[in-house]
Structure formats: C-alpha cells, structure tokens
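Notes to accompany the following structure.
Note that the structure is a prediction, hence the values are computed from the model and not measured. FYI, side chains are in, hydrogens and waters are out, and symmetry mates aren't considered; it's all heavy atoms of this structure. Lettering of chains follows the sequences in order, A, B, ..., and the numbering in each one begins at 1.
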Protein chains: 2
Amino acid sequence: MTRTRIAEEMSRLGLRATAQRVSVYEYLWNHRTHPTVDTIYEDLLPDNPSFSRTTVYNTLHALEKSGMIRSLSIESGEMHYDADPADHGHFLCTHCRTIYDFPISAESVAVPHGFESEQTDIFISGKCKNCKEKI
Amino acid sequence: MTRTRIAEEMSRLGLRATAQRVSVYEYLWNHRTHPTVDTIYEDLLPDNPSFSRTTVYNTLHALEKSGMIRSLSIESGEMHYDADPADHGHFLCTHCRTIYDFPISAESVAVPHGFESEQTDIFISGKCKNCKEKI
DNA sequence: TTGTTAGTTTGTAATGATTACAAGTTTATT
DNA sequence: AATAAACTTGTAATCATTACAAACTAACAA
C-alpha cells in the first residue's frame with residue numbers, strides 16, 4: 001500500500017493524514033508481526049529523528065478508533081497492534097512468543113441472546129508448530 | 001465451598017493451604033464478578049488487617065499456575081480473575097463494565113493443524129442486554 | 001497573502017498496575 | 001525442639017501508558 005493511498009484512506013475516515021500517522025500505518029501494513037508500541041517507535045525512529053513515543057500512542061489510538069487497525073491485549077504488559085481489523089483469531093506461542101493469525105468461523109462468536117457484540121477477540125496460547133517440532 | 005474443602009483441594013495440587021490463600025480463593029468462589037486484584041484486596045482487608053497486596057498477587061499467580069483459577073486480560077490496565085477455570089467466553093459490557101460468562105462451542109477453538117492449544121480466551125465486548133434496553 | 005482556529009506533535013512529568021526484594025513469620029519434617 | 005523450605009509483608013523499583021502544556025502545522029476565511 002502506497003503512502004498516497006494510506007493518506008486517502010485516512011482522509012476518507014476523517015483523519016488528518018500527517019506524515020507520522022502515515023508512517024505508523026505503513027509500518028503496521030508491512031510488518032504483520034503484531035508489533036508493540038515500542039517496536040514501532042524504535043524501528044521508525046532512525047528515519048524520523050523527531051519522532052515521539054507519544055505520537056505513536058496518539059496515532060494508534062486514532063487509527064483504532066477509526067477502525068483502520070486493531071489492538072490486541074493477548075499478552076499482559078504490552079499492547080500489540082494489527083493492521084488487519086477483520087475478524088480473525090490470534091495464537092500466541094508461549095515458547096517463541098510469535099503471534100499467528102488464524103481464521104475463525106462465524107459460529108465461534110455467538111453471544112447470548114439480547115447482547116450486542118461490538119468487538120470479538122479470540123486469543124489462544126500454546127506451542128506453535130515450529131516450536132513443537134524443535135523441542 | 002467450605003474453607004476446609006478449599007484447603008483440601010489446594011493440598012491435592014501441592015499448594016500450601018495458608019489462611020490467606022484460602023481467603024482469596026473463597027472470595028473468588030463467592031464473587032463471580034471477575035474481580036481485580038485491588039477489589040479482592042480491599043474487600044478482604046477489613047477482616048484480615050495484616051493482609052498485603054503482594055500476597056494477593058502471589059496467591060493469584062500460584063492458584064492460576066496450579067489451574068484452580070483463571071486470569072482475564074479482557075480490559076487493558078487491570079487483570080480480572082475467575083474462579084471457574086473451565087472453558088467459557090467472557091462478554092464485557094462497554095457501558096456498565098460488567099463481565100458476563102457465556103458458553104462456547106467446541107468448534108470455536110479450532111487452531112491451525114500442528115498447533116497445540118494450552119489456553120483459550122474468547123473476549124467479546126459490546127452492550128449487554130440490560131444496558132441496550134435502558135439506553 | 002495573512003490571520004485565525006482547530007488539530008497534531010513533542011518532551012516531560014505523572015499515574016498506576018505489577019514485580020523485585022529482603023526481612024520476618026509460618027509450616028512441614030526430622 | 002531444630003531445621004529448612006515456603007509464605008507473608010512492606011517498601012522500593014519497574015515499566016507501559018496517560019496527562020499535560022508548549023510548539024508546530026494544516027485548513028480555511030477574509
């Protein structure tokens with residue numbers, strides 16, 4: 001996704017497409033590892049020396065509110081971020097700490113009658129295929 | 001559940017059944033509201049003046065490790081605790097902040113082939129029935 | 001163009017949940 | 001009773017996140 005298209009998408013959602021915001025989203029789009037605020041900040045800093053950690057926080061909150069991205073509290077401690085806001089599950093390997101995406105079926109998310117679901121998080125932790133074979 | 005039976009269960013799992021630990025578990029057993037560390041601490045303090053917040057943390061970690069309870073990171077910020085370790089979903093009402101339990105079906109937890117699931121968390125947030133009707 | 005205003009960025013300081021640690025206490029075992 | 005291991009407690013540190021205020025930037029009107 002080009003920076004121009006990212007900027008257009010932000011404008012469409014009523015967000016000012018500042019250089020910093022575009023950079024954060026571009027980073028998330030290109031790094032599907034569900035990075036933390038700190039990883040994003042540290043990786044973007046070399047190319048944007050004036051970058052502030054607070055800007056990363058502000059941007060992520062704005063993007064999440066507008067629905068462009070999704071936050072994952074799959075680990076206690078730090079938040080992770082995902083450029084894909086569509087419904088899918090997340091698997092955290094307790095050995096290598098990798099977070100994997102996986103598809104979920106519609107019936108997975110059946111809430112009780114009368115309840116209105118706004119956001120669904122399916123977090124599973126365990127051993128991933130790689131680690132299971134290596135250990 | 002009596003304190004004696006709680007103590008027996010702890011011993012069975014290789015945990016020392018101290019008065020403090022039994023109190024924490026007894027509290028969780030009787031309060032199915034998924035309380036936070038601070039709520040547990042504040043509520044138990046009047047009857048146990050020497051109680052320490054650190055003991056609540058230590059106890060909850062020990063109980064979780066042994067499988068007697070479950071921790072929920074359904075809200076960023078504070079951890080919630082649940083006396084029921086069996087698989088079930090949690091619904092957080094974004095209006096009244098109540099956390100509801102709900103049943104989940106077996107197919108909800110289908111991880112990719114080769115992956116080994118150790119823990120499953122299904123968190124849904126939205127408006128609960130009560131709040132939807134009142135608003 | 002210039003001025004005005006609202007929105008954004010940035011750095012620093014505060015907050016608040018959690019963990020680290022060490023000294024004291026309790027429990028299980030001999 | 002003696003000993004060692006486990007547990008409790010209070011205090012101090014840690015660390016992600018938020019609050020805040022000043023500087024900056026973009027949009028828009030006169």
Does S52(B) have a side-chain nitrogen or oxygen under 4.0 Å from the phosphate oxygens OP1 or OP2 of dT8(D)?
no

Send over the distance from Y81(B) OH to dA17(C) C1', rounded to a whole Å.
10 Å

Looking at dT9(C), I'd like to know if its phosphate oxygens (OP1 or OP2) sit under 4.0 Å from a side-chain N or O belonging to T54(A).
no

Atom CD of E75(B) and atom C1' of dA17(C) are separated, to the nearest Å, by 13 Å

P49(B) vs R16(B), nearer the 5' end of DNA chain D by closest nucleotide:
R16(B)

Before accepting this row, confirm whether a basic side-chain N of the pair D121(B)/R70(B) lies closer than 4.0 Å to the acidic partner's carboxylate O.
yes

Integer-rounded Å distance: dA19(D) C1' and Y57(A) OH
13 Å

At under 4.0 Å, does any side-chain N or O of H61(B) touch on OP1 or OP2 of dT19(C)?
yes

Expressed in angstrom and rounded to an integer, what is the separation of N48(A) atom CG from dT8(C) atom P?
18 Å

Can you tell me if T18(A) touches the phosphate of dT9(C), counting only side-chain N or O atoms and a distance under 4.0 Å to OP1 or OP2?
yes

Whole-Å distance separating the CE atom of M79(B) from the C1' atom of dT19(C)
14 Å

Quick check on DNA chain C: between R53(B) and G14(A), whose nearest nucleotide comes earlier from the 5' end?
G14(A)

Measure from CD on E64(B) to P on dT19(C) and round the result to the nearest Å.
10 Å

Select one nucleotide: of dT10(C), dT9(D), dT18(C), the one nearest the side-chain heavy atoms of N58(B).
dT9(D)

Mapping R21(B) and E78(A) to their closest nucleotides on DNA chain D, which lands nearer the 5' end?
R21(B)

Starting at atom CG of L15(B), determine the distance to atom P of dA6(D), rounded to an integer number of angstrom.
12 Å

Under a 4.0 Å threshold between the charged nitrogen and the carboxylate oxygen, would K129(B) count as salt-bridged to E116(A)?
no

Check whether any side-chain N or O of Q20(A) sits under 4.0 Å from OP1 or OP2 of dT25(D), and answer yes or no.
no

Give the rounded distance in Å between these two atoms: CG of L13(A) and P of dG7(C).
17 Å

Less than 4.0 angstrom from a charged side-chain N to a carboxylate O is my criterion; do E42(B) and R53(B) meet it?
yes

From the list L72(A), T39(A), V37(A), side-chain contact (heavy atoms from CB on, under 4.5 Å) with Y81(A) holds only for V37(A)

Under 4.0 Å between any heavy atoms, over every strand shown, what does S76(B) touch: base, sugar-phosphate, or nothing? Just pick one.
nothing

I'd like to know whether the aromatic ring centres of F91(B) and F123(B) sit less than 6.0 Å apart in this structure.
no

